[in-house]
J.: 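Structure below; questions to follow.
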Amino acid sequence: MTTKEILQYYSETTNRSTREDLMYASNLIGNVKVAVDCGCGAGSDIAYLSENGFRVHAFDINEESVRLCSERFSKVKNVFLSHESFSSFEYPKSTLIVADASLFFCPPEEFYGVWRSISESLNPEGVFCGSFLGQNDTMAGPNYDRKAFWEHVLVFTEAAVRALFSEFEILKFVEHNVSGEIQGIPQQWHIYSVVAKKYNK
């Protein structure tokens, strides 16, 4: 994506409504409120979490994202930003990890190492709230222009998503598989949204 397209996307998502899944997940957390926002974009989830008492560690591989969030949260003491990738970020011990529409872009060869880091960084009874790209999504198809948008697109079956959560209790699992248009161009959205709590072993 060009810098102009990225900035336009951030402009459109800066003040988006908080997702029901994130509100649900955040309300499961007890007194220790430490969250990681994976691929923080324009910072809408950071805003919600920080305003609700979380210490937020957020990262993004895109410099524009980190710059915009640094300006947006410059006076917020409980937000810590990093210009890192999924694999280079050092995940702190946390009680909530948010990865909405971001793990789609983790290089496939790095994903299982990243997932291990995410899982291990969550405290017992910590919560994961995120989404995974399904096989029917336009981005998963042969006509998606990876050179123009994102080179790496990580695609899952439902069974593969569920297999990731062997050490979790899945609290919410919703498959979104809907058709529509973007600027007159047909689009298929196929996403698995998950909220899961890590077992207290």
Side-chain angles (χ1 to χ4, degrees), residues 18-41 43-61 69 76 78-82 84-135 137 152-176 190-201:
T18 303
R19 301 182 314 286
E20 182 182 333
D21 277 359
L22 180 56
M23 291 189 286
Y24 171 75
S26 65
N27 286 328
L28 297 170
I29 308 303
N31 294 327
V32 180
K33 295 188 174 185
V34 181
V36 175
D37 187 0
C38 305
C40 57
S44 59
D45 289 347
I46 296 174
Y48 171 80
L49 292 166
S50 63
E51 290 167 4
N52 283 275
F54 282 84
R55 177 185 179 95
V56 185
H57 299 267
F59 69 90
D60 203 292
I61 197 171
C69 288
V76 183
N78 58 337
V79 173
F80 304 87
L81 296 161
S82 302
E84 301 288 349
S85 68
F86 288 106
S87 57
S88 65
F89 181 72
E90 294 187 10
Y91 296 82
K93 284 296 181 182
S94 57
T95 52
L96 175 64
I97 289 187
V98 180
D100 180 59
S102 59
L103 286 169
F104 303 177
F105 309 112
C106 179
E109 67 275 11
E110 297 177 7
F111 175 75
Y112 286 100
V114 167
W115 184 250
R116 184 168 56 252
S117 296
I118 288 174
S119 180
E120 290 176 353
S121 72
L122 270 176
N123 290 346
E125 298 190 356
V127 176
F128 172 87
C129 176
S131 56
F132 301 84
L133 196 71
Q135 292 177 304
D137 197 279
H152 304 290
V153 181
L154 185 64
V155 181
F156 283 88
T157 63
E158 178 178 344
V161 174
R162 290 185 179 276
L164 295 172
F165 293 93
S166 60
E167 298 181 358
F168 292 75
E169 177 188 2
I170 295 177
L171 305 176
K172 290 183 71 175
F173 191 104
V174 180
E175 179 181 8
H176 308 273
H190 189 202
I191 295 169
Y192 299 103
S193 297
V194 184
V195 178
K197 179 184 286 189
K198 189 175 179 181
Y199 289 129
N200 188 359
K201 293 183 178 180

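This chain uses plain numbering: 1 for the first residue, then up along the sequence. Since the structure is predicted, the reported quantities are computational estimates derived from the model, not experimental observations.
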J.: Specify the closest pair of heavy atoms between Cys40 and Leu81, including all atoms of both residues, with the distance to one decimal.
T.: SG-CD2, 4.4 Å
J.: What pairs of donor and acceptor atoms, side-chain ones from residues 157-171 against any protein atom, are under 3.5 angstrom apart with sequence neighbours left out?
T.:
residue	atom	partner	partner atom	Å
Thr157	OG1	Ala160	N	3.1
Glu158	OE2	Arg162	NE	3.0
Glu158	OE2	Arg162	NH2	3.3

J.: Side-chain donor-acceptor contacts of residues 85-92 below 3.5 Å, not counting sequence neighbours, with atom names and distances?
T.:
residue	atom	partner	partner atom	Å
Ser85	OG	Ser87	N	3.4
Ser85	OG	Ser87	OG	3.3
Ser85	OG	Ser88	N	3.1
Ser85	OG	Ser88	OG	3.1
Ser87	OG	Glu110	OE1	3.0
Ser88	OG	Glu84	OE1	2.7
Ser88	OG	Ser85	N	2.9
Tyr91	OH	Phe86	O	2.8

J.: Nearest 0.5 Å, what's the SG-CG distance between Cys129 and Asp37?
T.: 10.0 Å
J.: So how far is it from Asp21 CG to Lys172 NZ, rounded to the nearest 0.5 Å?
T.: 4.0 Å
J.: Quick one: closest heavy-atom pair of Val76 and Asn78, and the distance?
T.: CG1-OD1, 2.8 Å
J.: Output all residues satisfying side chain to side chain donor-acceptor pair (under 3.5 Å) with Ser26, sequence neighbours left out; order by chain, then residue number.
T.: Tyr48
J.: Just by modelled atom types, is the Gly53 backbone N or O under 3.5 Å from a matching donor or acceptor in the Lys33 side chain?
T.: no
J.: Might you point out which heavy atoms bring Thr95 and Leu122 nearest each other, and give the distance in Å?
T.: C-CD2, 3.7 Å
J.: Which heavy atom in Ala25 sits nearest to a heavy atom in Val127, and how many Å separate them?
T.: CB-CG1, 3.9 Å
J.: For Asp60 and Gly41, which heavy atoms make the closest approach, and how far apart are they?
T.: OD2-N, 3.0 Å
J.: To the nearest 0.5 Å, tell me how far Cys106 SG sits from Tyr112 OH.
T.: 10.5 Å
J.: Going by the rule ring-ring contact (aromatic ring centres under 6.0 Å, His included), which residues pair with Phe104 if we only count those two or more places apart in sequence or in a different chain?
T.: none
J.: Verify, without hydrogens or angle tests, whether Ser121 (side chain) and Ile118 (backbone) share a donor-acceptor contact under 3.5 angstrom.
T.: yes
J.: Answer yes or no: is there a side-chain heavy-atom contact under 4.5 Å between Asp137 and Val155?
T.: no
J.: Of all residues at least two apart in sequence or in a different chain, which pass the side chain to side chain donor-acceptor pair (under 3.5 Å) check with Lys93?
T.: none
J.: Closest approach of Lys197 and Glu125, non-hydrogen atoms and distance?
T.: CG-O, 3.5 Å
J.: Has Asn200 got a side-chain atom pairing as donor or acceptor with Pro124's backbone, closer than 3.5 angstrom?
T.: no
J.: Can you list the residues that meet the side chain to side chain donor-acceptor pair (under 3.5 Å) rule with Gln135, with sequence neighbours excluded?
T.: none
J.: Of the options Phe173, Phe156, Tyr192, which is the one that meets Phe132 in a ring-ring contact (aromatic ring centres under 6.0 Å, His included)?
T.: Phe156
